[in-house]
Amino acid sequence: MSPKTMGLSAWLTDDAPASRAQANLGRAYDIFRRLCRNPLAALGMAILLVLVLCAAFAPWIAPYSPIGQDLPNRLLPPSAAHWMGTDELGRDIFSRVVHGARLTLLIVGLVAVISAPVGLILGAVSGYFGGWADRILMGITDIFLSLPKLILALAFVAALGPGIENAIIAIAITAWPPYARLARAETLTFRNAEFVQAARLAGGSHARVIGLHILPLCTSSTIIRVTLDMAGIILTAAGLGFLGLGAQPPLPEWGAMISRGRAFILDQWWVATMPGFAIIVVSLGFCFLGDGLRDVLDPKSGDKA
Amino acid sequence: MSLLDIQNLTVTFPTPRGPVNVVDGVSLTLGTERLGIVGESGSGKSMTGRAILGLVRPPGVVKADRMEFEGQELQGLSDRAMRKIRGARISMVMQDPKFSLNPVMTVGRQIEEALRTHESLPRRALKARVAEMLEAVRIHDPERVMGLYPHEVSGGMGQRIMIAMMLIPRPRILIADEPTSALDVSVQGQVLDLIDELVRENGMGMMLVSHDLHLVGRYCDRVMVMNAGQVVETLDAKNLHAAQHPYTKGLLAAVPRMNETRAELPTLDRSQWAST
Amino acid sequence: MSTDVESAALSGPSAPRRRGPRRFAGLRRLVEFLVILAFTFLGLLAITFFIGRVIPIDPVLSVVGDRATAAQYEAARVAMGLDQPLPVQFVHYVADVFSGDLGRSVSTNRPVADDLARVFPATLEMATIGIVIGVLLGVPLGVLSAVKRGRLIDQLIRIFALLGYSVPAFWLGLVGLALFYAGLGWVGGPGRVDIFYDGLVDPVTGLLLVDSLIAGDLDVFFSALDHIILPATILGFFSLAYIARMTRSFMLDQLGQEYVTTARVKGVPEWKVIWVHAFGTIRVPLITVIGLSYAALLEGSVMIETVFSWPGIGNYLTTALFNADMNAVLGATLVIGTVFILINKLSDILYRILDPRSRT
């Protein structure tokens, strides 16, 4: 039965999918529909969609250039011409916020892409092999988990030097431990399962078993965890930016913008507060979506948190 | 006079597919006798007990033509009035002491609370009554046991503590909701004998809810069989073997006997009666 | 957002219990605890060492300056022990730290350890008031949220708590200052006290509120109160968000348990069912949560102190960052990290000691 003969939504919700692709797409569609039923999760998805659109189409959405200075128009309050006002160099804050979305997405995306796989692999290896490998890897993980993340990130960036790449690396170094624990827990559950033994008997190497069989089982927990961690990563990145350790000027990083607005907070409050609102809205969006995903993908935890 | 008089009790829960009557038009009376309620999981037998005690929380809705305890209508009673009845006049022993006892409170304190809620007595008198009750459920070093936590006692003892807790305020009716289902078979008999003895001694009415037909047959005067929220048959325990309804007959037939001669146990053929 | 301790708290103490001789069980657990603690510290030291020596910044240059000759550079390098192999350097480093030598601050030109001892009480004072606010408000809100689950008040409290995860601390500090200090004049501004009160009171404990009361100087006391209330409240907000969320989660777990029904069957009034039974069960895991929150506040104070020019360890750290004063940065990192680890591990072990279910 091809999509054309059945209608797309019927094809996606078919109880007997004909191919793996259909099954996967169908599951994704089902998750999407259930998420939409939760108003906060739907709001979260909408916020993130706006974020992605802003990042992708920033030059078209932003009415002004984010770095073009216009000194005669400095420190103007929010108005029809400048929705969020202008900063101390006359730049339109709204445009800078929209362009800053790119930086935000870049930072959280890269941190997630670096820290999650590293953590997952370490955790899976640790749980799979057990014994000394497990003890050592989990010991390292526990040590990192016991340390204050922001402080460590600060110290790393202090040593590496300010800059957006170093900020990403520093945050990623502190962000991987939860994924290691997650992967280890899942691996321990399945380590002795029959399908793992079957894969080994069929001649699969350890790497193959871990990579193709065990790690995919961690997918839903990982997605939930990554989404929920995003808010924290955004805040840490903004904190680094605020201290001048993240993206350097004239890049419109939201934390750095707040820092520069600090001097004018009393009279021209919008310079510092507007980027803050952007941070809050995006973080909330991730939190809502993360909670919603957890309700849908992991019903055991219910709506308990 | 009958202790409990219930006519047409219905407990409804909303589900994504529409409202479902978990208890559907159940009527029963209870005097100073032992009534057994038997059914499979989901038959509504536990919910009946909870509805009597007013423990069905929203979104569940309880409705009955009549739900009278000692002549007093239970529906529409204020919370305060209902609380005076719970524990003091009608009590319930629950299934698994591992979960039904507060894990971070000593056993003694929990039993004391059951008493203190309804009678104000000086501390020493309270402790004496608790010790007395523990002796009555055959726990012979009450002083020591009172200081223990629930995880420190065995399943059988835990259930006896539960019984002590529920009987100490001297209620008129005891609802026993699967009181032995979580216990070892060897201990089940002891606990049921104990309940039986205490109920008789104090002239109480008892509702024994269980999925075990023969157990109910042994310990009850009358048996009420439930299926899918409805009462299927009510009969005297001594006439159990002469049950009329196909469901009851099916249940009886499905239990293996001591000198079993059948090669296969029959299964229920549910098409024989109308059920939702 | 959930750590190992929290998941243990939610599910009860971990099985299996060891079947060893009872007398030694406690001792063995204590030794285990100390060993884990030691290894964690060692890990922290390794990381700070790594950041300080291994990452490409020339520590010698920061001591001798750009204009040093090759000979001076080499002499300094040997004096700093940098010609030794790394493991040896690490051992020296650990020995130094344990003897209290955290190096010298380039900006204040004093031993880092002395600096830190001087600034730490300020952070302690603020974080402590913050946690008190967080507990006093967070716990009742969490219980209320759980009891009224699904209703409007629950949704509102949950969103309010989520804000605690979404609002940048430094931003809230700035906005708070602008609104409550500059705008409304309700609280004092940056700094610990008004300038003319600075240094007036003997630093007996280092906690200004306490010291001013000891000295009987009410003017200083009220000025200090005036200045601490806003930053401490902001910290309290973040703490509240976390505590309320965890309390709600714990309470929901308990309210669904059979023993709560038992209590109702007994005729116990509903408020007692909630506060004596359900809440009574979560008291111990909640202590762990509060401990974790306290540790997090110490970390979070970094940003708040910077915004409020509060002379605490967080401000010291960020100032050192701006001055590229690596000794100070690493020393502060070590101290904050150590306190963080201590509080976390202590909370963990406190849970095991206090929970009656751990009694063998």
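Lettering follows sequence order; numbering is per chain, from 1.
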_Proximity breakdown for Phe277(A) and chain C, heavy-atom pairs closer than 4.5 Å_ = both
*To the nearest 0.5 angstrom, please state how far the CD1 atom of Ile280(A) sits from the OG atom of Ser166(C).*
8.0 Å
*Side chain, backbone, both or neither: which part of Leu317(C) has a heavy atom under 4.5 Å from chain A?*
side chain
_To the closest 0.5 Å, what do you measure between CG (Leu243(A)) and CZ (Phe322(C))?_
5.0 Å
_Whether over 12 other heavy atoms sit under 6.0 Å from Tyr294(C) OH_ = yes
_Atom pair CG/OG of Leu174(C) and Ser259(A) - distance to nearest 0.5 Å_ = 8.5 Å
_Tell me if the CZ atom of Phe39(C) is crowded by more than 12 foreign heavy atoms within 6.0 Å._
no
*Most contacts with chain A, counted as non-hydrogen pairs under 4.5 angstrom, among Pro168(C), Ala182(C), Ser145(C), Gly43(C)*: Pro168(C)
*Under 4.5 Å from any heavy atom of chain A - which part of Thr48(C)*: neither
*Quick one: of Val157(A), Ile279(A), Val281(A), who has the most non-hydrogen atom pairs under 4.5 Å with chain C?*
Ile279(A)
_Can you tell me which portion of Thr40(C) sits under 4.5 Å from chain A's heavy atoms? Options are side chain, backbone, both or neither._
both
*Select one option (side chain, backbone, both, neither) describing which atoms of Ile36(C) are under 4.5 Å from chain A's heavy atoms.*
neither
*Exercise: identify the closest heavy-atom pair between Ala178(C) and Leu266(A)*: CA-CD2, 4.2 Å
*Evaluate side chain to side chain contact (heavy atoms under 4.5 Å, CB included) for Ile47(C) paired with Phe156(A), printing each intermediate quantity in order.*
CA-CA 9 Å; Ile47(C) 291 177; Phe156(A) 270 109; 4.2 Å; yes
*When only pairs under 4.5 Å are counted, which of Phe242(A), Phe144(A), Phe288(A) shares the most heavy-atom pairs with chain C?*
Phe242(A)
*Against chain A, label Val302(C) side chain, backbone, both or neither, depending on which of its atoms sit under 4.5 Å from a heavy atom there.*
side chain
*Ile265(A) and Leu177(C): CA distance, side-chain angles, deciding distance, side chain to side chain contact (heavy atoms under 4.5 Å, CB included) verdict*: CA-CA 9 Å; Ile265(A) 188 74; Leu177(C) 267 180; over 6 Å; no
*Distance from Leu179(C) atom CG to Thr273(A) atom OG1, nearest 0.5 Å?*
11.0 Å
*What closest approach, in Å, do Ala231(A) and Tyr165(C) show between heavy atoms, and which atom pair accounts for it?*
CB-O, 3.9 Å
*Closest approach of Ala159(A) to Ile51(C) (non-hydrogen atoms, all atoms of both residues)*: CB-CG2, 3.4 Å
*Give a yes or no on whether the backbone of Ile258(A) and the side-chain of Trp171(C) come within a donor-acceptor separation of less than 3.5 Å.*
no
*Which heavy atom in Cys287(A) sits nearest to a heavy atom in Leu162(C), and how many Å separate them?*
CB-CD2, 3.7 Å
*Out of curiosity, Leu42(C) CG to Ile143(A) CD1, how far, rounded to the nearest 0.5 Å?*
7.5 Å
*Taking all heavy atoms of Val329(C) and all of Ala158(A), pick out the closest pair and write down the distance.*
CG1-CB, 4.2 Å
*asked:* At a 4.5 Å cut-off on heavy atoms, which part of Ile341(C) comes close to chain A: side chain, backbone, both, or neither?
replied: both
*Arg262(A) side chain to Val307(C) main-chain N or O, any donor-acceptor pair under 3.5 Å?*
yes
*Give, for atom CG of Leu147(A) and atom CZ of Phe41(C), the distance between the pair rounded to the nearest 0.5 Å.*
10.0 Å
*Locate the shortest heavy-atom distance separating Asn344(C) from Ser146(A); write the atom from each residue and the value.*
ND2-O, 4.1 Å
*Pick one of side chain, backbone, both or neither for Leu245(A), based on which atoms fall under 4.5 Å of a heavy atom in chain C.*
side chain
